[in-house]
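Reviewing the structure listed below.
Reminder, nothing fancy here: chain letters follow the sequence lines and each chain counts from 1. None of the values given here were measured: they were computed from a predicted structure.
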There are 2 protein chains.
Amino acid sequence: MQNITDIIEAYLKQILHDQKKIEIKRQEIAERFDCVPSQINYVINTRFTIEKGYFVESKRGGGGYIRIQKIVILDSHDLLDEMSRWIGNDLTQQAAEDYLIRLVNEQLLTRREAIVIQSLLQKESLPMALEDQRRMRAHLMQTVLQTIKRL
Amino acid sequence: MQNITDIIEAYLKQILHDQKKIEIKRQEIAERFDCVPSQINYVINTRFTIEKGYFVESKRGGGGYIRIQKIVILDSHDLLDEMSRWIGNDLTQQAAEDYLIRLVNEQLLTRREAIVIQSLLQKESLPMALEDQRRMRAHLMQTVLQTIKRL
DNA sequence: CACCTCTCTGACCATCTTTGACTATTATTT
DNA sequence: AAATAATAGTCAAAGATGGTCAGAGAGGTG
């Protein structure tokens, strides 16, 4: 946890812990952590994705901003359907892990369950060409989502 | 006990004696013991395997690490290893269900966990020729058995 | 000595992070 | 309306780690 990305991520999440939404100025954050502005984009693109449950908006030009919100979906059924739609028929290993973590946070899965599922979705478990792997992973994840509904 | 592998192994295990988990930087350890970085991989691959009761994770790139955890060896590991042997690389849907029921009875899985796994091993989840399906199912089940060890 | 197994090394690969030049968009000023 | 200023976005290259693998080296055994 000495790389800037993790530090900035922690900083933003800590704020989001108290507030549901934050609005930052890219340049300001970059200055505060002494990094280039595009670093902030990297943090957002890798740590505040839809898979992880965040919604990001931004505006350029004078008075520009980046706004980050934690997505709250009250009805778990809806969350499962949303996830299903997001996934479609293509899913990377990283995205799968992010979704599983989200499901654990939403208490739709236990940590143990997520670990087992994750192990089945990792590339070592899907011995096939990369493209097929992602399709297969998506297919299995869809099954998981449907199964959770009946648990 | 004069070769570097043993020395590094002892060093790491001594730390693991006090802590359940350690996180190292490959390069740092290599420097400390004056060896090439890949030596660390050798140590890990030969001395910190799942069979020996260790679980290892890592991350590359800036802020990368290697994390080693000691997992508790249970008697039930024998059962898991036996099942693994029985299954080999071919598993029917019915047999899979039977194994899962057994695992639930042995309290190695919860009912919910078994249901999720079963849903992933059913034929609808494995869209491929029947023969491949059975091989794939066996492969996934093997993953499950290994994963259970570190739950 | 011949042979086998375990260890060690280094070249090459894969993945994640950081940086900066260039681009796109919006607001403000002329 | 056009020019300028103020922001944010994109992308590819460089940097920072860890992983793999094949071959060389070392130690033991018949």
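Protein atom NZ of A:Lys59 is 8 Å distant from nucleotide atom C1' of C:dA27, rounded to whole Å. At whole-Å resolution of the value, CD in A:Gln2 and C1' in C:dC16 are 13 Å apart. As a whole-Å value, the separation of B:Gln27 CD from C:dT15 C1' is 17 Å. C:dC16 atom P lies 9 Å from atom CD of A:Gln93, rounded to whole Å. If you measure from atom NZ of B:Lys25 to atom P of C:dT17, you get 11 Å, rounded to the nearest angstrom.
Classification of the A:Tyr11-A:Phe33 ring pair by plane angle, with boundaries at 30° and 60°, yields perpendicular. Using bins of under 30°, 30° to 60° and over 60° for the plane-to-plane angle, the ring pair A:Phe48/A:Tyr54 lands in the perpendicular bin.
Between A:Ile29 and A:Val43, every side-chain heavy-atom pair lies at or beyond the 4.5 Å cut-off. Looking at B:Leu16 and B:Ile68, their side chains come closer than 4.5 Å, going by heavy atoms from C-beta outward.
Taking every heavy atom of residues 34-58 of chain A and every atom of DNA chain D, pairs under 4.0 Å involve A:Ser38, A:Asn41, A:Ser58, by number.
A donor and an acceptor atom, one from each side chain of B:Gln142 and B:Gln146, are nowhere located under 3.5 Å apart.
Residue contacts shown for A:Gly64 are limited to sugar-phosphate atoms, with no base heavy atom under 4.0 Å away.
A:Asp98 meets the side-chain hydrogen bond (donor to acceptor under 3.5 Å, both in side chains) test with A:Lys52, A:Gln94; sequence neighbours excluded.
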B:Glu82 and B:Arg85: salt bridge (charged side-chain N to carboxylate O under 4.0 Å, His left out), yes or no, with the steps?
CA-CA 5 Å; B:Glu82 276 208 60; B:Arg85 222 167 307 123; 5.0 Å; no
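Both A:Gly63 and B:Ile4 lie near DNA chain C, and the one whose nearest nucleotide falls closer to the 5' end is B:Ile4.
Counting only distance, with no hydrogens or angles, the side chain of A:Lys25 and the backbone of A:Gly64 share a donor-acceptor pair below 3.5 Å.
Taking 4.0 Å as the cutoff to heavy atoms of chain A, we find the contact window on DNA chain D bounded by D:dA6 to D:dT10.
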